[in-house]
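All ligand and atom numbering here is 1-based and tracks the order in the structure.
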Amino acid sequence: MKPIQVGLLGIGTVGSGVFNVLQRNQPEIKRRAGRGIEIGMVADLDVVRAQSLVGPGTQVVNDARAVISNPDIDIVIELIGGYGIARKLVLEAIEAGKHVVTANKALLAVHGTEIFAAAHKKGVMVAFEAAVAGGIPIIKALREGLTANRIQWVAGIINGTTNFILSEMRDKGLDFAAALKDAQALGYAEADPTFDIEGVDAAHKVTLMSAIAFGIPVQFDKAYVEGISQLAAQDIRYAEQLGYRIKLLGITKQTAKGIELRVHPSLVPAKRLIANVEGAMNAVMVQGDAVGTTLYYGKGAGSEPTASAVIADLVDITRLHTADAAHRVPHLAFQPDAMSDAPVLPMGEVVTSYYLRLRVADQAGVLAKVTGILAQADISIDAVLQREADEVGGEGSTQTDVIILTHDCVEADMNVALAQMQALPTVLAPIVRIRKEELA
Ligand code: HSE
């Protein structure tokens with residue numbers, strides 16, 4: 001059988017990885033897929049550079065629509081990124097009857113409902129393994145490997161840039177700005193790192209995982225998003241003294257009231273495997289009612305790790321494209337007519353535990369007032385750490401840091417208690433609040 005024909009839109013880091021791995025591993029891939037997989041056409045604005053990457057045997061054009069309209073192309077890989085032209089091209093490719101493979105988490109997290117509906121109507125597949133955690137086959141695990149389970153929660157380190165920065169802050173005692181500079185110098189962070197450091201990239205990814213874990217539509221607009229740019233080195237240090245590491249987690253949980261969907265820095269017990277994921281690596285924990293806790297670890301970005309995921313999708317499509325569309329794996333794991341309308345909960349309704357750091361006047365009764373407010377809000381304290389005033393503010397200091405770990409409570413109750421504590425005249429600076437996940 002002749003190889004299935006693939007058109008590639010955008011040949012940057014990931015695209016060239018796809019091209020190289022496909023060439024290098026073609027015999028193995030063919031044995032798995034049942035036929036060869038060939039990139040027959042590439043579209044890129046920089047035609048000369050693209051041609052030099054793929055060699056003279058592959059047609060390179062500067063117009064993506066020439067790929068989409070080519071009747072010989074069966075699958076279109078979209079590696080352009082962003083929500084603008086990429087959305088238009090993906091919808092046009094679907095309309096032209098092409099299967100689509102994309103690594104574009106932003107596009108699917110924001111416009112997934114429209115794109116999956118169009119694909120369903122047209123009977124084509126949209127595959128996106130590379131959109132979440134790069135080379136880790138987490139979409140496959142959630143959508144296929146764990147189908148026996150009621151998934152209870154998913155929690156992941158799904159942004160390598162921020163994990164690298166947090167590792168640098170902890171290892172070297174750096175503050176955020178210095179660690180970000182290191183990450184930029186080493187190529188782990190982009191010149192404009194906003195999407196990564198403010199949690200947006202992780203929120204795109206956890207939105208996709210939430211949809212396939214619970215069979216709900218993709219709802220990026222309902223995700224709570226908080227990044228790491230406000231984290232202070234001293235909180236990483238205090239957390240360590242209490243037996244925790246701080247990680248940027250993407251978390252989604254099924255609760256009796258609805259679905260939690262959130263990204264924020266979290267204290268994680270240092271003894272958990274996931275707390276020891278360092279540098280730019282990614283890891284995702286999934287808890288299912290039958291399987292228990294599972295953990296997936298690997299590279300979340302990079303040319304060939306991401307290509308590994310893209311090519312896995314190409315193989316899946318090659319195996320399935322002649323199958324009756326109704327017998328393929330549903331895009332979002334659940335049959336389109338069996339999706340859940342469980343609401344995504346506002347952050348105020350989320351239940352979690354907390355690390356609080358209060359800069360207080362070092363005088364009698366201060367701690368009693370603070371713990372009194374927590375008691376009144378029915379928030380139970382798990383641990384308290386008070387630093388010596390001299391250690392915090394230098395010799396003769398009259399201020400100190402009090403660190404409190406709480407048990408689970410409702411976020412709205414914590415917000416009320418925080419406002420009351422902040423209003424105490426003996427609380428001398430904005431209270432630091434970081435959420436805590438036991439992941440047990
Ligand atoms: N910028 C992402 C990260 C990789 O730092 O993990 C692509 O999603």
*Asks:* Side chains of N104 and R87 only: does a donor on one sit below 3.5 Å from an acceptor on the other?
*Replies:* no
*Asks:* Tell me: protein heavy atom nearest atom 6 (O) of ligand 1, and distance?
*Replies:* G160 N, 2.7 Å
*Asks:* Are E437 and K247 ion-paired here, with the side-chain N under 4.0 Å from a carboxylate O?
*Replies:* no
*Asks:* Which atoms from ligand 1 have a heavy atom of D201 less than 4.0 Å away?
*Replies:* 2 (C), 8 (O)
*Asks:* Check the side chains of E198 and S229 for a donor-acceptor pair under 3.5 angstrom, ignoring hydrogens and angles.
*Replies:* yes
*Asks:* Suppose we measure from atom 5 (O) of ligand 1 to each protein heavy atom; which comes out shortest, and what is that distance?
*Replies:* T161 OG1, 2.6 Å
*Asks:* Quick one: which ligand 1 atoms are inside 4.0 Å of a heavy atom on K105?
*Replies:* 7 (C), 8 (O)
*Asks:* Under a 3.5 Å cutoff, is there a donor and acceptor pairing between the side chains of Y354 and E411?
*Replies:* yes
*Asks:* For the pair R31 and E28, find out whether any cationic side-chain nitrogen is under 4.0 Å from an anionic carboxylate oxygen.
*Replies:* yes
*Asks:* At a non-hydrogen distance cut-off of under 4.0 Å, which region of D196 contacts ligand 1 (side chain, backbone, both, or neither)?
*Replies:* side chain
*Asks:* Could R433 and E226 be called an ion pair, given the rule that one side-chain N must be under 4.0 Å from one carboxylate O?
*Replies:* no
*Asks:* Looking at A301, which atoms of ligand 1 are within less than 4.0 Å of one of its heavy atoms?
*Replies:* 4 (C)
*Asks:* What part of K205 sits under 4.0 Å from ligand 1 if we count only heavy atoms: the side chain, the backbone, both or neither?
*Replies:* side chain
